[in-house]
Amino acid sequence: AEEQANQKLTPAMASVLAREMVALGHPYSTFMILKLFAGQRTEALPKWKWGWIDWNDRKVSIPKPFTKNKTGKVEFGFKNIPNFRPWIEFIYNQMNPSPKPDEKVMTHSQPTLTAAVTKIMNKHPEVFNFPNKGKLNGSTDVRNILRNSFISYGSEKLGAALTQRIVEDKYNLSSYLDSTQDGEGNNAEEFFAITPDSLGLV
């Protein structure tokens, strides 16, 4: 698939993007975290409500009607993804007042959010230099690059089965592993070590 032919971010690229998206605040920062560090589908995010994030049980539950395959709810614990907890708590704490459970997580449109990512990547070509790609197109490239990054590193660090469950992709994930940057190799440890703390955001 064309989506899987897209590249992923190196840990260095992911760090720059995360820092810049956090500087823009919610919902840009929230979009970045749910895509880059949880691999969620762009078209699903506008339907998310804050109540899907359970702070007591520390898990995310996507109700069946909002899942891709509509076979049952999709759940994953904060602990299933390394450092997901500090990221999601950081974002929640960024918001004042705290959102109510029935409030939508995404308060901007998808094109607005992906345009911000695209602008950051195209503004820093010295950082975001993808082989065989010139200027990045927000609607096609950027959405996939963030999800690809999580799927590639997740397959390596969390294993294929857990990654498939989190990202709701029951197809073979091995093609994502081939989309590494030239000379970078897979660097899952470094990718998942990126935290608000490591970026000096807290």
Side-chain angles (χ1 to χ4, degrees), residues 8-63 66-68 73-95 98-99 101 103-107 113 117 142-169 173 176-177 186-202:
K8 67 185 182 191
L9 300 175
T10 62
M13 292 178 187
S15 297
V16 171
L17 180 69
R19 194 181 280 115
E20 296 242 0
M21 290 294 276
V22 163
L24 294 174
H26 172 77
Y28 300 97
S29 47
T30 313
F31 177 80
M32 177 275 298
I33 286 164
L34 293 174
K35 292 281 298 171
L36 188 59
F37 296 118
Q40 297 304 298
R41 287 175 301 118
T42 306
E43 57 272 27
L45 290 178
K47 299 170 187 141
W48 275 51
K49 295 202 164 134
W50 281 104
W52 297 7
I53 301 171
D54 184 331
W55 301 102
N56 295 324
D57 288 346
R58 298 198 178 119
K59 66 180 182 184
V60 173
S61 301
I62 303 165
F66 301 99
T67 61
K68 180 182 178 185
K73 69 178 174 184
V74 170
E75 276 194 346
F76 59 91
F78 292 6
K79 67 179 189 308
N80 290 142
I81 303 171
N83 288 315
F84 182 73
R85 183 183 166 192
W87 273 119
I88 202 73
E89 288 181 353
F90 172 79
I91 286 309
Y92 191 73
N93 294 335
Q94 244 194 348
M95 299 179 68
S98 294
E103 278 181 52
K104 289 202 159 190
V105 170
M106 290 299 138
T107 49
L113 294 159
V117 181
V142 165
R143 293 167 58 169
N144 295 335
I145 285 169
L146 302 191
R147 186 170 151 93
N148 285 358
S149 302
F150 177 81
I151 291 174
S152 292
Y153 294 123
S155 300
E156 186 189 346
K157 173 99 174 133
L158 318 178
L162 178 55
T163 303
Q164 280 172 327
R165 183 160 69 79
I166 293 169
V167 302
E168 262 202 286
D169 192 335
L173 298 181
Y176 286 95
L177 292 173
N186 281 336
N187 233 328
E189 292 292 334
E190 207 183 325
F191 175 79
F192 283 114
I194 299 168
T195 62
D197 217 8
S198 78
L199 297 178
L201 299 171
V202 283

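All residue numbers in this chain count up from 1 along the given sequence.
Between Met32 atom CE and Leu24 atom CG the span is 10.0 Å, to the nearest 0.5 Å. Rounded to the nearest 0.5 Å, atoms CZ (Arg143) and CD (Glu43) are 5.5 Å apart. The line from CE of Met13 to NZ of Lys8 is 11.0 Å long, rounded to the nearest 0.5 Å. To the nearest 0.5 Å, atoms CG (Leu146) and OG1 (Thr42) are separated by 7.5 Å. In this structure, the separation between NZ on Lys104 and NZ on Lys49 is 6.5 Å, given to the nearest 0.5 Å. To the nearest 0.5 Å, the span separating CD1 on Ile81 from CG on Leu162 amounts to 7.5 Å.
The side chain to side chain donor-acceptor pair (under 3.5 Å) search around Ser29 returns Gln94, not counting sequence neighbours. Among residues two or more places apart in sequence or in another chain, the side chain to side chain donor-acceptor pair (under 3.5 Å) test is passed with Ser61 by Glu75. The side chain to side chain donor-acceptor pair (under 3.5 Å) test applied to Arg58 returns no partner, not counting sequence neighbours.
By the 4.5 Å heavy-atom criterion applied to side chains, Trp50 and Ser98 are not counted as neighbours. Side-chain contact between Val202 and Asn93 is absent, with no heavy atoms from C-beta onward closer than 4.5 Å. Taking the side chain as every heavy atom from C-beta outward, Glu89 and Trp55 approach each other to under 4.5 Å. Side-chain contact check for His26 versus Thr107: some heavy-atom pair is nearer than 4.5 Å. Side-chain atoms of Leu199 and Ser15, non-hydrogen and from C-beta on, do get closer than 4.5 Å to each other. By the 4.5 Å heavy-atom criterion applied to side chains, Leu158 and Pro82 are counted as neighbours. Using a 4.5 Å cut-off on side-chain heavy atoms (C-beta onward), Phe90 and Val22 make contact.
Residues Ala193 and Asn83 come closest through the heavy atom pair CA-ND2, 3.9 Å. The nearest pair of heavy atoms linking Leu36 to Ser149 is CD1-CB, 3.8 Å. Summarising the geometry of Gly159 relative to Thr163, their closest heavy-atom pair is O-OG1, 2.8 Å, with the distance given to 0.1 Å. Summarising the geometry of Ile88 relative to Ile53, their closest heavy-atom pair is CD1-CD1, 3.9 Å, with the distance given to 0.1 Å.
Here the side chain of Glu168 pairs a donor or acceptor atom with the backbone of Lys68 at under 3.5 angstrom. Proximity of a side-chain donor or acceptor of Ser198 to a complementary backbone N or O of Ile194 within less than 3.5 Å is not detected. The backbone N or O of Val167 lies less than 3.5 Å from a partner atom in the side chain of Arg147, making a donor-acceptor pair. In this structure a side-chain-to-backbone donor-acceptor pair under 3.5 Å is missing from Thr67 to Val74. Under a 3.5 Å cut-off, the side chain of Asp54 and the backbone N or O of Asp57 do form a donor-acceptor pair. Listed for the Gln40 side chain is a donor-acceptor partner under 3.5 Å among the backbone atoms of Ile166.
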task: Take Lys47 and Ile62, measure what side-chain contact (heavy atoms from CB on, under 4.5 Å) needs, and give me the verdict at the end.
output: CA-CA 10 Å; Lys47 299 170 187 141; Ile62 303 165; over 6 Å; no

Steps toward side-chain contact (heavy atoms from CB on, under 4.5 Å) verdict (Asn80, Arg165): CA-CA 11 Å; Asn80 290 142; Arg165 183 160 69 79; 3.9 Å; yes

task: Check step by step if side-chain contact (heavy atoms from CB on, under 4.5 Å) holds for Trp48 and Met106.
output: CA-CA 7 Å; Trp48 275 51; Met106 290 299 138; 5.9 Å; no

- request: Using the side-chain contact (heavy atoms from CB on, under 4.5 Å) rule, take Lys157 and Phe191 through it: C-alpha gap first, then chi angles, then the decisive distance, then the call.
  value: CA-CA 10 Å; Lys157 173 99 174 133; Phe191 175 79; over 6 Å; no

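Checked options Phe37, Phe84, Tyr92, Trp87; the residue passing with Phe78 is Phe84 (criterion: ring-ring contact (aromatic ring centres under 6.0 Å, His included)).
Classified by interplanar angle (parallel below 30°, tilted 30° to 60°, perpendicular above 60°), the ring pair Phe192/Phe150 is perpendicular.
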